[in-house]
Amino acid sequence: MKSYDLIFSLGKKVLEGGQVTFDEALSLTQIEESDIPILLGVANKIREKFTGNAVDTCQIVNARSGNCSENCKFCTQSAHHEVKLNVYPLMSEDEILAAAKSAEKDGAYRFCIVTAGCGMDGDADFEKITSAIKRIGQETSLNRCCSLGTLNEEHVIALKEAGITRYHHNLETSESFFEEICTTHTFSERVETIKKIKNAGLQACSGGIIGMGETWRQRIELAFTLKDLDVDSVPINVLNAVKGTALEDTKKLNPMEILQTFAIFRLILPTKILRYAGGREHNLGELVPLGFLSGINGMLLGNYLTTTGRGATEDLKTVTNMGMKPLCPRS
Amino acid sequence: METRQIITLGEEVLAGYKITRPEALRLSCIEDADIPLLSAYANKIRLKYAGNHVDMCGIINARSGRCSEDCKFCAQSVFHAADSPTYPLLSKNELLKQAKNIEKQGAKRVSLVTSGKGMQGDSDFESILAIFKEIISSTTLKVCANLGTLDLGQAQRLAATGIRRYAHNLETSKSYYPTICTSHPYDERLETILAAKQAGLELCCGGIVGMGESWDDRIELALALRELGVQSIPINILNPLKGTALENIKPPRPLEILKIFAIFRFILPDRVIRPAGGRELNLRDMQGALMLGGANGLIIGNYLTFSGRNSDIDFQMVHDAGLNQ
């Protein structure tokens, strides 16, 4: 079969409400390079049909930075790495609120509080964080999310009561590649946290990082695991190999391969939010806007945890320039 | 038009089929969500018939303003009170300096442009020939001329001097032309193009989109260029400059511009299609999409009466899109 026949037959199947199988998705990784833009075009069509023109934007705050016990190889915040990093304990409630207000002013639809560390078990900061979440609810109209690592059931209930609508917890990569990336905790621990979130009726935001040396098959595995978990939003980071991390020498992915990854994720996850995240500027350069014509319908606005983005205004301009509409908290 | 029909037509063009006017018109009616797919086919057609090279050229405004013609888009027309530079033909040294600067930026081609209707009875013509000789012998650039109307004798002298290519836009379709310019007819532009062709010069002819023309007009222009066998097609996207007759025109949306370039590629599979003035203003950060949407040429640096962007960004964009010069 010619690769365009394959792309169109799978695209048609998804557009008609069908699902691609693992092997079908894998076959899309083998198409000729000159057919990649066609795959992107089909992914764009699927995005438009199932999610419309709305773009879900979020801004994150690194509310507690560095000194993390975990050894995730990509991460600048791991205590196992020697990275020049601004390390600080939990910000004060006022500081977190100020970050939220700034996100609101920037036009973000969501605001996410992120803390370094394995998780919330026995973490004295948890109470302070829920208090900050409540206050953000009182003083802004932002949709509130957080990313605090592993959680137990009590945490989930407390966060829901505080007004969290969506919890972020990346799978990072596929189960089969996870041990290459992190050995201080297991993939199934991550899955368990996501299941607790979904069981409590909260939305889940979970994705990963591509370009860490994983195979195409492993990327597809990740997408299918996210599909099985029925996560609502899938952030896709592209590795920004920061000096001092274990992955500092990893070679950049080719821009077309990155766009192809987005498109294949869109075919596997037609109705979900595919969210542009860290590393996009670093890896895609002048082609960043093309993500929005390849299946992307969400984005982190402005800066990431330990790296900087282009700024919220530039990001929002890109969205409107593509003929899409950023969601607005008051709408 | 259905998605399936875009694919069928795309495959047909890839197999060597020349698309017709009604087919091109049907392509212009696709919905926005299908535009990236159309661009993808344009990209494939470009790759198959024109390869992976991007033809980059820099232009020099060698003589500016005080033009007798009334082209509505133009800041150099005496009929407009636009804020544009006015100066007589620049010196040989100055023009050589500018050409060398373009060479240094990395372009392989330069075009010298003079304001005015054309070269008939123009006392600058001999000086211009001497300047061309100098640029040709002192740089490695391919040199093009854009001097307005020419007669055959003048075209032959340019060819004898070593000029590769003559640039003379049709501006728009024959049908829409009288709305844009009344001081000289469309057929006179055609005559110049034919004279240049007869003299053995390559042709660089395109136009401006976003001047209020219809899709019919755009396709008519593309088909006229196909008929003439021009090698390079610069497509400007109107920059409605203050003081010109078109100052209040609303520019086309970025997606619409992508559609225009893709359809031009469908009509002109193996030609150089060159995004020109107005791309920064009208496409903004979507210019990269054009490099994967059928374009394979660029005017870099500044335009005649307004600025472009730093050419480093354009070289980076071409590289990121997997193309090369």
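Naming: A, B, ... by sequence-line order, numbering from 1 per chain.
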Exercise. Can you measure from CZ (Arg284(B)) to OG1 (Thr320(A)) and round to the nearest 0.5 angstrom?
Key: 7.5 Å
Quiz prompt | Heavy-atom contact with chain A under 4.5 Å, split by part of Asp320(B) | solution = both
Quiz item: Is chain B contacted by the side chain of Leu40(A), its backbone, both, or neither, given a heavy-atom distance below 4.5 Å?
Solution: neither
Exercise. Under 4.5 Å heavy-atom distance to chain A, tell me which part of Arg253(B) shows up: side chain, backbone, both or neither.
Key: neither
Exercise. State whether the number of non-hydrogen atoms from other residues, nucleotides or ligands found under 6.0 Å of His319(B) atom NE2 is greater than 12.
Key: no
Quiz item: Hey, mind stepping through Arg309(B) and Glu286(A) against salt bridge (charged side-chain N to carboxylate O under 4.0 Å, His left out) and telling me if it holds?
Solution: CA-CA 13 Å; Arg309(B) 61 179 183 177; Glu286(A) 287 296 306; 3.6 Å; yes
Practice problem: Pick one of side chain, backbone, both or neither for Leu15(A), based on which atoms fall under 4.5 Å of a heavy atom in chain B. | Solution: neither
Quiz item: Which distance, rounded to the nearest 0.5 Å, do you find between the CG of Leu47(B) and the CD of Glu33(A)?
Solution: 9.0 Å
Self-check item: Crowding at CD, Glu247(B) (>12 non-hydrogen neighbours, <6.0 Å)
Solution: yes
Quiz item: What distance do Phe8(A) atom CZ and Ile7(B) atom CD1 have between them, rounded to the nearest 0.5 Å?
Solution: 3.5 Å
Quiz item: Under a 4.5 Å heavy-atom cutoff, which of Gly288(B), Ala33(B), Gly10(B), Gly322(B) has the most pairs with chain A?
Solution: Ala33(B)
Self-check item: For chain B, the option from Ser34(A), Pro255(A), Gly11(A) that forms the most heavy-atom pairs under 4.5 Å
Solution: Ser34(A)
Quiz item: For Glu11(B), is it the side chain, the backbone, both or neither that has a heavy atom under 4.5 Å from a heavy atom of chain A?
Solution: side chain
Self-check item: Pick from Asp285(B), Leu292(B), Leu37(B), Leu258(B) with the largest number of heavy-atom pairs that fall under 4.5 Å of chain A
Solution: Asp285(B)
Quiz item: Can you tell if the side chain of Glu48(A) reaches within under 4.5 Å of the side chain of Asp32(B), non-hydrogen atoms only?
Solution: no
Self-check item: chain B interface, residue from Asn321(A), Leu287(A), Leu293(A), Ile38(A) that has the most non-hydrogen pairs under 4.5 Å
Solution: Asn321(A)
Self-check item: Contact class of Phe292(A) relative to chain B, heavy atoms under 4.5 angstrom
Solution: neither
